[in-house]
Novice: 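Before anything else, here's the structure in question.
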Amino acid sequence: MITIRPIPAFSDNYIWHLQHKDEHWVVDPGDADPVMRALGRNQLTGILLTHHHFDHTGGVPALKQTYECPVYGPASIELVTHPLAEGDQFSVLGGQWEVLSVPGHTLDHIALILHADGAHHLFCGDTLFAAGCGRLFEGTPEQMFRSLSRLADLPSDTLVYCAHEYTLSNLKFALTAEPGNPDIEARMASASRTRAEHCPTLPSTIGIELATNPFLRTQSPVIQAQTRARADSEGDSPVEIFATLRRWKDVF
């Protein structure tokens, strides 16, 4: 059995710690110190990266030097020893992994899907968030919409491990973009209780995101009306609705 635990870092990052027997891997270690504390006397077996931003890679040099471990991730990242790209598959932690290219937040962004123990685990970095999505720092709305659509097509029970605790702020926007959605209201109440207990709201699932994430709900008549009413509306196509939503969220 694989265990997956969040390691909090910075103000709102999660570094995901995966363990299978004596294997220990981490996803997107922006800071080495909390990883080393979480490992204790255990050795780090390897590192997985989704994109090049420093809050996801800053801990790699120290971890790689200390544990002499491999680094899997986009070829654009200097310290990667095992470059990954669209369609690649590999086996670690007793499971099978597949790689999806999901540009938008950055051009080199990948998503990593682990199939193990009869479950699907999605490590999506800053592409898909709980009730949200990443900013478009390098890619276009068309690229990000296509990337999110690919993730939305995964099985509904796929567990979603994103890299930031943004759930409450994203749900506030979701309620504004789609007022009256009972699934969003229920998720806000549940997430508020969870955060009041200082617990992570993650992982989510693809099914939950399809019901509550406005960036996956461009087909909603309410969202369509909300974006159409905005002065910066680009139009009524799914990509144009997404682009309007993303710009709205940027200033929300």
Side-chain angles (χ1 to χ4, degrees), residues 1-10 12-100 102 109-128 154-155 157-165 198-206:
M1 293 289 291
I2 291 176
T3 60
I4 303 175
R5 310 178 187 91
I7 301 173
F10 307 120
D12 53 35
N13 281 68
Y14 289 133
I15 301 166
W16 293 102
H17 174 200
L18 290 72
Q19 180 181 356
H20 175 66
K21 298 180 179 178
D22 292 331
E23 285 189 80
H24 294 263
W25 290 69
V26 291
V27 181
D28 286 350
D31 188 356
D33 289 342
V35 173
M36 292 179 179
R37 288 194 296 269
L39 287 170
R41 296 186 179 184
N42 295 303
Q43 291 292 307
L44 183 63
T45 311
I47 297 169
L48 300 162
L49 302 176
T50 63
H51 65 292
H52 66 263
H53 283 165
F54 185 77
D55 63 321
H56 295 252
T57 63
V60 173
L63 293 172
K64 185 178 179 184
Q65 181 177 20
T66 300
Y67 299 103
E68 300 181 350
C69 60
V71 181
Y72 289 61
S76 58
I77 302 174
E78 183 178 355
L79 293 177
V80 163
T81 60
H82 292 65
L84 298 176
E86 169 70 30
D88 285 347
Q89 297 186 6
F90 59 98
S91 298
V92 300
L93 289 156
Q96 186 70 21
W97 293 75
E98 61 177 301
V99 181
L100 298 180
V102 288
H109 208 302
I110 60 174
L112 303 167
I113 305 172
L114 167 62
H115 306 283
D117 303 329
H120 314 289
H121 307 269
L122 169 66
F123 298 89
C124 48
D126 287 357
T127 296
L128 176 65
L154 295 173
D157 61 352
T158 300
L159 293 161
V160 177
Y161 302 83
C162 48
H164 291 272
E165 182 57 70
H198 306 288
C199 295
T201 59
L202 302 169
S204 175
T205 68
I206 291 296

Novice: Once salt bridge (charged side-chain N to carboxylate O under 4.0 Å, His left out) is applied, what residue pairs with a partner in residues 84-99 remain, sequence neighbours excluded?
Specialist: E86-R150

Novice: Could you tell me which non-hydrogen atom of A163 sits nearest to which non-hydrogen atom of D126, and how far apart they are?
Specialist: CB-OD1, 3.7 Å

Novice: For T205, which residues count as a side-chain contact (heavy atoms from CB on, under 4.5 Å) partner, sequence neighbours excluded?
Specialist: L159, I208

Novice: Could you state the interatomic distance from CG (L63) to OG1 (T57), rounded to the nearest 0.5 Å?
Specialist: 11.0 Å

Novice: A side-chain contact here means heavy atoms from C-beta on lying under 4.5 Å apart; do H115 and I113 qualify?
Specialist: yes

Novice: Applying the side chain to side chain contact (heavy atoms under 4.5 Å, CB included) test to P29, which of V71, D55, I7, L49 qualifies?
Specialist: L49

Novice: Just by modelled atom types, is the G30 backbone N or O under 3.5 Å from a matching donor or acceptor in the N13 side chain?
Specialist: no

Novice: Please examine the side chains of L48 and F123, heavy atoms only from C-beta on, and report whether any two atoms are closer than 4.5 Å.
Specialist: no

Novice: Quick one: side-chain contact (heavy atoms from CB on, under 4.5 Å) partners of C162, sequence neighbours excluded?
Specialist: C124, F129, L202

Novice: Write down the atom of I206, the atom of L154, and the distance for their closest heavy-atom approach.
Specialist: CG2-O, 3.8 Å

Novice: Using modelled atom types only, decide if a donor and an acceptor are shared between the side chain of E165 and the backbone of T201 within a distance under 3.5 Å.
Specialist: yes

Novice: Between the side chain of K64 and the main-chain N/O of L79, is any donor-acceptor distance below 3.5 Å?
Specialist: yes

Novice: What is the ring orientation for W16 with Y14, classed by angle as parallel under 30°, tilted 30 to 60°, or perpendicular over 60°?
Specialist: tilted

Novice: Show the nearest heavy-atom pair for residues A9 and I15, with the distance to one decimal.
Specialist: CB-CD1, 3.8 Å

Novice: Is any side-chain heavy atom of I2 closer than 4.5 Å to one of L114?
Specialist: yes

Novice: If every non-hydrogen atom of A116 is compared with every non-hydrogen atom of G95, which pair is closest and at what distance?
Specialist: CB-CA, 4.1 Å

Novice: Do any pairs count as a side chain to side chain donor-acceptor pair (under 3.5 Å) and have a residue in residues 18-34, sequence neighbours left out, and if so which ones?
Specialist: R5-Q19, H17-H24, E23-W25, D28-T50, D28-H56

Novice: Quick check for you: to the nearest 0.5 Å, what is the distance between D117 atom CG and M1 atom CE?
Specialist: 4.5 Å

Novice: What pairs with Q65 under side-chain hydrogen bond (donor to acceptor under 3.5 Å, both in side chains), at least two apart in sequence or on another chain?
Specialist: none

Novice: Enumerate the residue pairs fulfilling side chain to side chain donor-acceptor pair (under 3.5 Å) with a member in residues 66-82, sequence neighbours excluded, ordered by first and then second residue.
Specialist: S76-D108

Novice: Nearest heavy-atom pair of G58 and P61: which atoms, and what distance?
Specialist: O-CD, 3.5 Å

Novice: Test your reading of the model: is there a side-chain donor-acceptor pair from W97 to the backbone of L112, 3.5 Å cut-off?
Specialist: no

Novice: Taking all atoms of both residues into account, what is the closest heavy-atom pair of L122 and A111, and its distance?
Specialist: CD1-CB, 3.9 Å

